[in-house]
Protein chains: 2
Amino acid sequence: MAKRTAAGAEPVPLSRERVLRAAVGLADAAGLESLTMRRLAELFGVEAMSLYHHVANKEALLDGVVEVVMGEVRDTVAALDGPPAEEDWRAALRGKVLAARQVMLRHPWAPQVFASRRSADPAVIRYLDEVAGIMRRGGCSYDLVHRALHTLGSRALGFAQELFEPDGGPAPADADQLGPMAAELPYLAGMLSEIAHEDPGSTLGWCDGQAEFEFGLDLILDGLERLRTA
Amino acid sequence: MAKRTAAGAEPVPLSRERVLRAAVGLADAAGLESLTMRRLAELFGVEAMSLYHHVANKEALLDGVVEVVMGEVRDTVAALDGPPAEEDWRAALRGKVLAARQVMLRHPWAPQVFASRRSADPAVIRYLDEVAGIMRRGGCSYDLVHRALHTLGSRALGFAQELFEPDGGPAPADADQLGPMAAELPYLAGMLSEIAHEDPGSTLGWCDGQAEFEFGLDLILDGLERLRTA
DNA sequence: ACCTGAACACCGTTCAAGT
DNA sequence: ACCTGAACACCGTTCAAGT
């Protein structure tokens with residue numbers, strides 16, 4: 001009789017591939033703080049130590065998780081049918097970045113993991129080579145491509161670092177909570193009383209809503225295009 | 001006779017202020033992963049539990065650390081003498097952001113801590129009110145100010161999220177390591193063979209070097225100014 | 001080759017007890 | 001009010017042992 005396993009566990013043998021996929025699923029379902037070696041092992045009805053036969057340690061596990069997410073990005077990007085880079089590099093790159101963002105939205109914890117890797121994952125580097133290729137074929141100098149990669153930073157992969165979550169911050173948009181704020185924060189109070197936030201729900205961890213993300217992305221792409229033709 | 005304390009420890013009584021300053025110093029000296037309640041207590045020659053009289057828990061400690069760093073930002077920004085916002089909002093904001101960046105460069109671990117706070121620290125919100133004020137007094141609509149805050153994101157405080165550390169990534173700039181790369185990464189290889197990285201040392205964790213940071217910041221500020229006058 | 005069980009060196013945090 | 005000591009519930013990871 002098969003050994004007792006956690007609910008939903010499969011008695012299939014472990015493998016690096018299966019371990020990494022389960023790690024992504026665990027983070028999706030229970031959050032990044034739940035992704036521990038012990039809890040991951042539980043999903044397979046196995047001791048934590050068994051995982052070390054397929055993954056060197058937790059850092060390597062997280063590297064593998066990045067690999068899996070980048071695989072999803074590649075699959076999503078491959079399904080795109082935008083204009084060729086030679087014709088309109090901005091539109092081509094924009095489509096690619098927004099497609100990558102869709103993947104990040106499915107894994108809200110991913111930006112944090114990407115940011116925690118000290119050296120670049122090979123899959124990320126390959127992705128950036130494609131980004132560079134789009135710009136290069138679009139007529140950008142390598143110098144501009146280089147600066148563009150730095151300027152875009154994590155935006156190239158579809159996420160951007162906000163200073164706080166849009167909902168948790170100073171965005172009550174409520175006149176009641178605005179009163180005490182107006183005294184010490186006159187400009188934010190004035191701004192909030194004039195602006196209506198119309199993008200509820202579409203938050204990506206510490207990242208922009210869709211409209212804000214697109215605004216910032218377009219502003220950067222337009223600025224780069226202006227430099228290209230200057 | 002005073003109790004045995006760790007090297008350099010002072011027998012002065014604890015206080016929230018002293019605990020927070022010691023936490024910043026510990027992260028500066030030994031890295032963020034060394035900032036644990038136990039090791040922090042050691043600095044005072046005290047048990048970890050004693051810290052809980054001055055700080056609710058570790059999350060509150062990190063909130064306080066953000067507070068301390070923001071205090072340094074405010075001090076640094078206060079010493080600036082740029083043009084008034086009404087005259088040249090771009091120059092005023094640029095100076096403020098670059099001053100904030102100087103503080104972040106002193107605390108390379110700070111961006112990570114800032115990013116880990118789920119809701120905005122009051123000191124950060126006050127800072128952003130000042131940023132909004134500069135733009136507003138410079139003639140920007142509140143709508144533009146709002147989009148600017150989202151677009152700048154963490155850049156407003158002087159740091160930006162790169163996909164990997166500049167040195168650890170695909171920047172060998174060495175013809176030897178470029179050979180095998182050229183096959184799979186044609187565009188990055190081409191770029192690196194043409195571009196000479198000239199900003200060694202000035203890395204900020206997962207952030208740009210100074211020149212790259214200024215390039216990205218200026219590109220965004222110029223784009224915003226163009227929208228303002230449109 | 002793969003998995004286990006016990007153990008180690010750490011965490012943050014609680015509780016009751018001391019002064 | 002402030003600090004302690006022991007303990008609890010977790011971590012990642014090692015090692016020697018099993019099959």
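On a predicted model such as this, the values are computed, not experimentally measured, just so you know. Within every chain, numbering begins at 1; the chains are lettered A, B, ... in the order of the sequence lines, protein sequences first and strands thereafter.
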- Note on the structure: Quick tally for nucleotides 9-14 of chain C: nucleotides whose base has a protein heavy atom under 4.0 Å get B, sugar-phosphate-only ones S, the rest -, giving --BBBB
- Let me know the distance between CZ of A/Phe44 and C1' of C/dC2, rounded to the nearest Å.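 Roughly 14 Å, once rounded to whole Å.
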- Query: So what's the dot-bracket for DNA chain D: Watson-Crick or G-U pairs under 3.5 Å, [ ] if a pair crosses, | if it pairs off-strand?
  - Reply: ||.|||||...|||||.||
- Message: Nearest 0.5 angstrom please: A/Thr151 OG1 to A/His146 NE2, how far?
- Response: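 It comes to 9.5 Å.
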Any side-chain to backbone donor/acceptor pair from [X] onto [Y]? Under 3.5 Å, distance only.
X        : Y        : result
B/Arg117 : B/Glu59  : yes
A/Thr76  : A/Ala100 : no
A/Asp121 : A/Val66  : no

- Task: Could you pull out all residues at least two apart from B/Arg94 that satisfy side-chain contact (heavy atoms from CB on, under 4.5 Å)?
- Result: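 Once residues adjacent in sequence are excluded, the partners of B/Arg94 under the side-chain contact (heavy atoms from CB on, under 4.5 Å) criterion are B/Leu98, B/Glu214, B/Leu217, B/Asp218, B/Leu221.
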- Task: Take B/Arg16 and B/Glu67, measure what salt bridge (Lys or Arg N to Asp or Glu O under 4.0 Å) needs, and give me the verdict at the end.
- Result: CA-CA 12 Å; B/Arg16 180 178 138 85; B/Glu67 219 177 294; 2.7 Å; yes
- Between C/dC3, C/dG5, D/dC3, which nucleotide has the shortest distance from any of its atoms to the side chain of A/Glu47?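 Within the option list, the nearest is C/dG5.
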- Message: For A/Phe213, does the six-membered ring have the charged nitrogen or CZ of A/Arg101 within the cation-pi criterion, i.e. under 6.0 angstrom from the centroid and within 45° of the normal?
- Response: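 Positive - A/Arg101 is close enough to the ring of A/Phe213 and near enough to its axis.
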- Message: Can you see whether A/Tyr187 has B/Arg136 sitting over its ring - NZ or CZ less than 6.0 Å from the centre and within 45° of the normal?
- Response: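 Not flagged: B/Arg136 not positioned over aromatic ring of A/Tyr187.
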- Quick one: does A/His53 reach the base of C/dC2 with a side-chain donor-acceptor pair under 3.5 Å?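 Answer is no: no donor-acceptor pair is held.
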